[in-house]
Amino acid sequence: MQKGIKRSADNTKWHTKWFALLQNMLFYFETDSSSRPSGLYLLEGCVCDRAPSPKPPLSAKDSLEKQHYFTVNFNHENQKSLELRTEDAKDCDEWVAAIAHASYRNLATEHEALMQKYLHLLQIVETEKTVAKQLRQQIEDGEIEIERLKAEVKRPVAPSDDDSDIKKIKKVQSFLRGWLCRRKWKTIIQDYIRSPHADSMRKRNQVVFSMLEAEAEYVQQLHILVNNFLRPLRMAASSKKPPITHDDVSSIFLNSETIMFLHQIFYQGLKARISSWPTLVLADLFDILLPMLNIYQEFVRNHQYSLQILAHCKQNRDFDKLLKHYEAKPDCEERTLETFLTYPMFQIPRYILTLHELLAHTPHEHVERNSLDYAKSKLEELSRIMHDEVSETENIRKNLAIERMIIEGCEILLDTSQTFVRQGLCRCRRKGRSLGAGWAPCRSGRRASGSASSSPSTSSSAPAAPGGSCTSPR
């Protein structure tokens, strides 16, 4: 039941009524609580449309403009049109649509469609019942057949000589089939082992295993650099009489500890991949490593400066004594700090060579081919950037190595402006006596600022023989 406003018969007044639509009959009530309708309209064949708002007087203009009108025109003789209005446009549209479809013909059409669907469903049900009955019959027949077969199986059968011969024949046939199958697989495997693809895969695996060993050795070198030199020198710099400052320690080692952590992670990932052999997938490890290799650029840029700082610190006797103590540890294997600082300089070229060998034994259709090629190109690009800085630091490293061979030291070689030219052997003779067949190593440099020391090697800029100035051990 819904509220509506009805115009009176004399078209002068509007009355509020409550309407209810049932099929093609429209009932109206005086109030929403009325139990019986005051009247009804038969809507069969009627036409319901929206109606324009009438022109209201000026006094009621505002209130009437908010009303929505519609009319119901009956096809009965002497029956006036029914004029209605609502306060909401949505209610008005719903009433118009409902009254327009309130027809017995529509109901009859819907009833006919529903009856057709009902009959169709009855046919489907009957068909399903028939099919279910047939399936049950088939199941019963199958169970009877199964019982019959079980009874036949349980029935004892007397053995005969023919059966024993057949068993022997089947056994021989089974043996021959197994032998032929094993021979076939042996031929396939031998052909593959001798194939170029298998040879390439063996070499590829050898490259990967060698890479794992080299990475383990490099991680061990970084571990010695950090634990035998970096961390002890940090502690020494915090002592009351520090032989070196914290700034010098940071300048010498820079990001060595970060490089160690990075390669420890890479080495663990590499070991995990080796454990899943023969499936070796390495490209994603290089994808993780490549973005982090920029720290090598910082290390290379700082390497020349770090060697300069180290040469300056070694002029301090306390530091030089402490450094020799660290270098004398068994882990160092008589290698100097300069040697350990140089190892990271050659790691990028080592990766490039490894990837070059890996690609040489990786088929073009291999799933990792493109990724490994991309990693190699990125490493080569990084290596070109680092090349110029490496050549400068190599000169300082060689001069420091020569200086450490001199028993009493040589301050000239600690000058970073010295340039290494040549290294070799020459025969030396002292005045008044000959040294016989003794040989002493000789190095020459482009610049020196003092006389040569009595030691196996030195540098000089004075005019000398083509081999440069040299001295012999006492």
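Counting begins at 1 with the first residue of the sequence.
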Ring-ring centroid check F299 Y296, cutoff 6.0 Å: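 No, the ring of F299 stays outside the 6.0 Å limit from the ring of Y296, centre to centre.
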F340 and F229 aromatic centres sub-6.0 Å: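 Between F229 and F340, which both carry aromatic rings, the centre distance is below 6.0 Å.
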Side chain to side chain contact (heavy atoms under 4.5 Å, CB included) evaluation trace for L180 with K184: CA-CA 6 Å; L180 290 173; K184 179 70 173 178; over 6 Å; no
Side chains of [X] and [Y]: does their closest heavy-atom pair fall under 4.5 Å?
{"X": "D49", "Y": "V96", "value": "no"}
{"X": "L233", "Y": "Y326", "value": "yes"}
{"X": "I224", "Y": "Q220", "value": "yes"}
{"X": "K314", "Y": "F319", "value": "yes"}
{"X": "H303", "Y": "P344", "value": "no"}
{"X": "Q264", "Y": "Q268", "value": "no"}
{"X": "L230", "Y": "L225", "value": "no"}
{"X": "M115", "Y": "E110", "value": "no"}

E215 side chain to Y351 side chain, donor-acceptor N/O pair below 3.5 angstrom: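 Yes - a donor-acceptor pair under 3.5 Å links their side chains.
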Donor + acceptor pair across side chains of R335, Y343 (<3.5 Å):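 The criterion, which ignores hydrogens and geometry beyond distance, is satisfied for Y343 and R335.
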Any donor-acceptor pair under 3.5 Å linking the side chain of [X] with the backbone of [Y]?
{"X": "D320", "Y": "N316", "answer": "no"}
{"X": "H101", "Y": "A97", "answer": "yes"}
{"X": "N255", "Y": "T258", "answer": "no"}
{"X": "N302", "Y": "S251", "answer": "yes"}

Nearest heavy-atom pair of [X] and [Y]: which atoms, and what distance?
{"X": "S383", "Y": "I348", "value": "CB-CG2, 4.2 Å"}
{"X": "A237", "Y": "T245", "value": "CB-C, 4.0 Å"}
{"X": "L307", "Y": "E338", "value": "CD2-CG, 4.3 Å"}
{"X": "P243", "Y": "A236", "value": "CD-O, 3.7 Å"}
{"X": "M201", "Y": "P363", "value": "CE-CD, 3.4 Å"}
{"X": "L254", "Y": "E298", "value": "CD2-O, 3.3 Å"}

So with a 6.0 Å cut-off around [atom1] of [X], is the heavy-atom count from everything else above 12?
{"X": "Q190", "atom1": "CD", "answer": "yes"}
{"X": "Y374", "atom1": "OH", "answer": "no"}
{"X": "K324", "atom1": "NZ", "answer": "no"}
{"X": "R317", "atom1": "CZ", "answer": "no"}
{"X": "N370", "atom1": "CG", "answer": "no"}

Worked verdict on R50 versus D93 for salt bridge (Lys or Arg N to Asp or Glu O under 4.0 Å): CA-CA 8 Å; R50 291 286 298 266; D93 294 335; 2.6 Å; yes
Stepwise salt bridge (Lys or Arg N to Asp or Glu O under 4.0 Å) test for E145 and K150: CA-CA 9 Å; E145 183 68 18; K150 286 182 178 179; over 6 Å; no
Is the closest basic N to carboxylate O distance between [X] and [Y] below 4.0 Å?
{"X": "E128", "Y": "K133", "result": "no"}
{"X": "R369", "Y": "E365", "result": "no"}
{"X": "E334", "Y": "K329", "result": "no"}
{"X": "D199", "Y": "R194", "result": "no"}
{"X": "R148", "Y": "E143", "result": "no"}
{"X": "E140", "Y": "R136", "result": "no"}
{"X": "E257", "Y": "R231", "result": "yes"}

Intermediate values then yes/no, side-chain hydrogen bond (donor to acceptor under 3.5 Å, both in side chains), T336 and T339: CA-CA 5 Å; T336 63; T339 303; 3.1 Å; yes
Ring pair (Phe, Tyr, Trp, His ring centres under 6.0 Å) between F266 and F286, worked out: CA-CA 9 Å; F266 182 72; F286 281 99; 5.7 Å; yes
Aromatic plane relationship, W95 with F70 - under 30° parallel, 30 to 60° tilted, over 60° perpendicular: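 Parallel, since the angle between the ring planes stays under 30°.
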Step-by-step salt bridge (Lys or Arg N to Asp or Glu O under 4.0 Å) determination, K117 to E112: CA-CA 9 Å; K117 292 181 181 179; E112 184 67 23; over 6 Å; no
Spacing of D165 atom CG and I169 atom CD1 [to the nearest 0.5 Å]: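 Answer rounded to 0.5 Å: 6.5 Å.
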Audit row: E381, K376, salt bridge (Lys or Arg N to Asp or Glu O under 4.0 Å) steps and yes/no: CA-CA 9 Å; E381 181 181 351; K376 177 174 170 287; over 6 Å; no
Side chain to side chain contact (heavy atoms under 4.5 Å, CB included) evaluation trace for I252 with I244: CA-CA 11 Å; I252 293 172; I244 188 174; 4.0 Å; yes
Derivation of the side chain to side chain contact (heavy atoms under 4.5 Å, CB included) call for Q347 and H263: CA-CA 11 Å; Q347 189 61 20; H263 284 276; 4.1 Å; yes
Derivation of the side chain to side chain contact (heavy atoms under 4.5 Å, CB included) call for V207 and K203: CA-CA 6 Å; V207 171; K203 292 180 180 178; 5.6 Å; no
